[in-house]
Visitor: 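Just passing along the structure, written as structure tokens.
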Amino acid sequence: MPELPEVETVARSLAPVVGRRIVAAEFRSTRVLRGGDPRSMAQRLRGRRIAGIERYGKFILMGLEGGGYLLIHLGMTGRLLLEGPAAKHTHAILTLDRGVLLYDDSRQFGCFQLSEEFPARLRQLGPEPLEVRFEDFARALRRRNTRIKALLLNQAFVRGIGNIYADETLFRAGIHPLARASRLGGGRARRLFDAMVAVLTEAIAAGGSSISDYVDARGRKGFFQFSHRVYQRTGGPCLTCGTPIRRLLVAARSSHFCPRCQKR
DNA sequence: ATCGGTACCTGCACGC
DNA sequence: TGCGTGCAGGTACCGA
């Protein structure tokens with residue numbers, strides 16, 4: 001489900017839990033737990049107050065009062081919900097002193113990780129795409145010989161971009177998904193950077209893209225899917241030139257692009 | 001050190 | 001209606 005704009009929307013919609021105390025925690029699946037069993041994690045969470053919610057790329061970091069962190073990744077189908085009832089794929093239930101927070105994830109690709117220190121995996125991530133300076137972005141591009149689509153998906157390069165926003169960014173920049181990163185000269189690097197910032201900013205303003213089941217913590221859908229120009233539009237006319245949108249595989253992920261507007 | 005491919009899981013849309 | 005296939009917003013891990 002969730003890339004940077006969706007996770008940002010979820011994180012903002014979780015504002016009501018900040019300051020609340022976790023009175024009980026229940027984990028019904030071990031698959032989504034990283035480094036802990038259901039009982040010990042529940043025990044360690046009980047009684048702790050939620051001090052803050054932050055987003056790091058596609059991760060949601062819940063800071064706990066007195067130190068400690070609950071790190072959450074939504075995978076493909078993870079949802080955090082402020083209202084029940086628990087359903088078939090509800091894997092975690094945090095009962096708060098006021099309200100509840102449920103985690104639902106049909107494919108179970110998401111994860112929960114509880115740590116007393118700042119999670120090491122967050123340090124492996126690249127910069128936020130909405131914070132990185134163009135000069136640093138362009139310099140990093142020059143050092144990579146890989147295909148630009150794969151590089152945008154690489155969380156160590158920039159954090160938070162997934163398949164939708166990689167394709168939409170490349171279309172707006174007029175860059176072919178198979179173009180080599182190191183071959184993007186100053187002009188194309190600039191267009192790529194500007195397109196990335198514009199797409200992500202617009203998508204956040206739209207509350208993200210609801211392709212099938214994505215909703216924020218209050219159950220609200222996003223509407224950026226109506227602004228997609230290439231993603232999942234294979235065969236449809238390019239909105240700029242009318243050429244049919246094509247699909248190919250890059251790094252084992254579907255890539256949608258206009259063969260006329262996006263030259264190699 | 002970087003890659004491309006595969007595995008992990010469930011659900012859905014599609015063609016037969 | 002049922003069944004097989006391919007596809008889906010994610011990352012991790014393997015061998016080359």
Side-chain angles (χ1 to χ4, degrees), chain A residues 1-11 28-35 55-60 71-80 87-92 103-113 119-126 129 140-170 177-182 199-200 203-204 206-216 221-235 245-256:
Chain A
M1 164 204 325
E3 305 181 31
L4 188 154
E6 291 77 30
V7 180
E8 176 67 23
T9 304
V10 170
R28 299 178 171 180
S29 157
T30 53
R31 179 163 293 280
V32 298
L33 300 187
R34 209 47 73 82
R55 179 189 60 75
Y56 282 76
K58 300 173 192 170
F59 289 89
I60 289 171
L71 183 64
I72 301 169
H73 196 292
L74 302 176
M76 292 273 257
T77 49
R79 309 158 96 165
L80 285 165
K88 183 178 173 187
H89 296 297
T90 300
H91 305 302
Y103 180 67
D104 187 279
D105 185 356
S106 64
R107 291 176 75 180
Q108 298 176 241
F109 287 170
C111 68
F112 273 61
Q113 182 177 332
R121 25 196 325 205
L122 294 185
R123 293 192 212 285
Q124 330 246 10
L125 299 173
L141 270 185
R142 261 179 266 124
R143 283 194 264 111
R144 299 303 203 102
N145 198 31
T146 183
R147 334 213 92 133
I148 188 59
K149 170 69 186 279
L151 189 59
L152 290 175
L153 294 177
N154 182 347
Q155 303 298 297
F157 177 69
V158 281
R159 61 187 196 230
I161 295 179
N163 214 29
I164 295 176
Y165 299 104
D167 283 2
E168 293 299 319
T169 292
L170 289 171
L178 293 177
R180 296 278 171 186
S182 57
V199 165
L200 294 175
I204 290 171
S209 301
S210 289
I211 298 294
S212 63
D213 54 5
Y214 159 74
V215 289
D216 74 8
K221 291 186 173 202
F223 48 89
F224 193 71
Q225 66 276 16
F226 302 119
S227 299
H228 292 175
R229 299 186 191 171
V230 287
Y231 183 75
Q232 288 191 347
R233 291 197 60 243
T234 307
I245 298 302
R246 293 238 287 263
R247 170 181 175 274
L248 58 76
L249 288 181
V250 185
R253 308 296 302 279
S254 282
S255 294
H256 313 79

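Below, read A as the first sequence line, B as the second, and so on, with proteins coming before strands; counting in each chain starts at 1. Only a predicted model underlies this, so the values are computations on that prediction, with no experimental measurement involved.
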Visitor: Under 4.0 Å between a side-chain N/O of A/K58 and OP1 or OP2 of C/dT11, yes or no?
Guide: yes

Visitor: Separation of A/N145 atom CG from B/dC3 atom P, in whole Å?
Guide: 8 Å

Visitor: Rounding to an integer number of Å, can you tell me how far A/H228 NE2 sits from C/dA8 P?
Guide: 14 Å

Visitor: Going through the checks in order, is the side-chain hydrogen bond (donor to acceptor under 3.5 Å, both in side chains) test met by A/R247 and A/S254?
Guide: CA-CA 6 Å; A/R247 170 181 175 274; A/S254 282; 2.8 Å; yes

Visitor: Looking at every non-hydrogen atom in both residues, tell me the closest pair between A/V7 and A/P2 and how far apart they are.
Guide: CG2-CB, 3.7 Å

Visitor: Hey, is the side chain of A/R147 poking within less than 4.0 Å of OP1 or OP2 on B/dG4, counting only N and O atoms?
Guide: no

Visitor: Taking the minimum atom-to-atom distance to the side chain of A/S254, which one of C/dG9, C/dA8, C/dT11 wins?
Guide: C/dA8

Visitor: Does A/Y165 reach a base, just sugar-phosphate, or nothing at all? Heavy atoms under 4.0 Å.
Guide: nothing

Visitor: When the ring planes of A/H228 and A/Y165 are compared, do they come out parallel, tilted or perpendicular, using 30° and 60° as the limits?
Guide: perpendicular

Visitor: Supply the atom-to-atom distance A/R121 CZ to A/R123 CZ, rounded to the nearest 0.5 angstrom.
Guide: 13.5 Å

Visitor: For A/F109 and C/dT11, do the ring centres fall under 5.5 Å apart while the planes stay under 30° apart?
Guide: no

Visitor: Enumerate the protein-to-nucleotides 11-13 of chain B contacts in which both atoms are nitrogen or oxygen and the separation is below 3.5 Å.
Guide:
unit_1, atom_1, unit_2, atom_2, d
B/dG11, OP1, A/K88, NZ, 2.9
B/dG11, OP1, A/H89, NE2, 2.7

Visitor: In which ranges does DNA chain C form stems of 3 or more consecutive Watson-Crick or G-U pairs, distances under 3.5 Å?
Guide: B:2-8 with C:10-16, B:10-16 with C:2-8

Visitor: Taking A/L4 as the fixed residue, which of A/I161, A/T9, A/I204 is the one that meets the side-chain contact (heavy atoms from CB on, under 4.5 Å) rule?
Guide: A/I204

Visitor: Under 4.0 Å, counting only non-hydrogen atoms across every strand here, what does A/A252 touch: a base, just sugar-phosphate, or nothing?
Guide: base

Visitor: Rounding to the closest angstrom, what is the interatomic distance between B/dC3 and C/dG9 at atom C1'?
Guide: 23 Å

Visitor: Heavy atoms from C-beta onward define the side chain here; which of B/dC3, C/dG9, C/dA12 lies closest to that of A/R34?
Guide: C/dA12

Visitor: Starting at CG of A/D105 and ending at C1' of C/dA8, how long is that distance when rounded to a whole Å?
Guide: 13 Å

Visitor: Quick one, A/K149 with A/D167, criterion salt bridge (charged side-chain N to carboxylate O under 4.0 Å, His left out). Give me CA distance, side-chain angles, the key distance, then yes/no.
Guide: CA-CA 8 Å; A/K149 170 69 186 279; A/D167 283 2; 2.8 Å; yes

Visitor: Can you give me the closest heavy-atom contact between A/V215 and A/K221, atom names plus distance?
Guide: CG1-CG, 3.9 Å

Visitor: Rounding to an integer number of Å, can you tell me how far A/K149 NZ sits from B/dC3 P?
Guide: 16 Å

Visitor: Starting the side chain at C-beta, find the nucleotide from C/dT11, C/dG9, B/dT10 nearest to A/Q108.
Guide: B/dT10

Visitor: Rounded to the nearest Å, what distance is computed from the CZ atom of residue A/F223 to the P atom of nucleotide C/dG9?
Guide: 22 Å

Visitor: Look at A/R107 and C/dG9 and indicate whether a side-chain polar atom (N or O) is within less than 4.0 Å of OP1 or OP2.
Guide: no

Visitor: Closest approach of A/S29 and A/V32, non-hydrogen atoms and distance?
Guide: OG-N, 3.6 Å

Visitor: Which whole-number value in Å describes the distance from A/Q124 CD to C/dA12 C1'?
Guide: 12 Å

Visitor: Taking ring-ring contact (aromatic ring centres under 6.0 Å, His included) as the definition, give me every residue that meets it alongside A/F157, ordered by chain and number, with sequence neighbours left out.
Guide: A/F137

Visitor: Map A/S210 and A/R121 onto DNA chain C by nearest heavy atom, then report which one ends up closer to the 5' terminus.
Guide: A/S210

Visitor: How many Å lie between CG on A/L74 and P on B/dC8, as a whole number?
Guide: 23 Å

Visitor: Take the protein atom CZ of A/F157 and the nucleotide atom C1' of B/dC3, then report the distance between them rounded to whole Å.
Guide: 16 Å

Visitor: Quick one: does A/S210's side chain have a donor or acceptor within less than 3.5 Å of a partner on A/G222's backbone?
Guide: yes

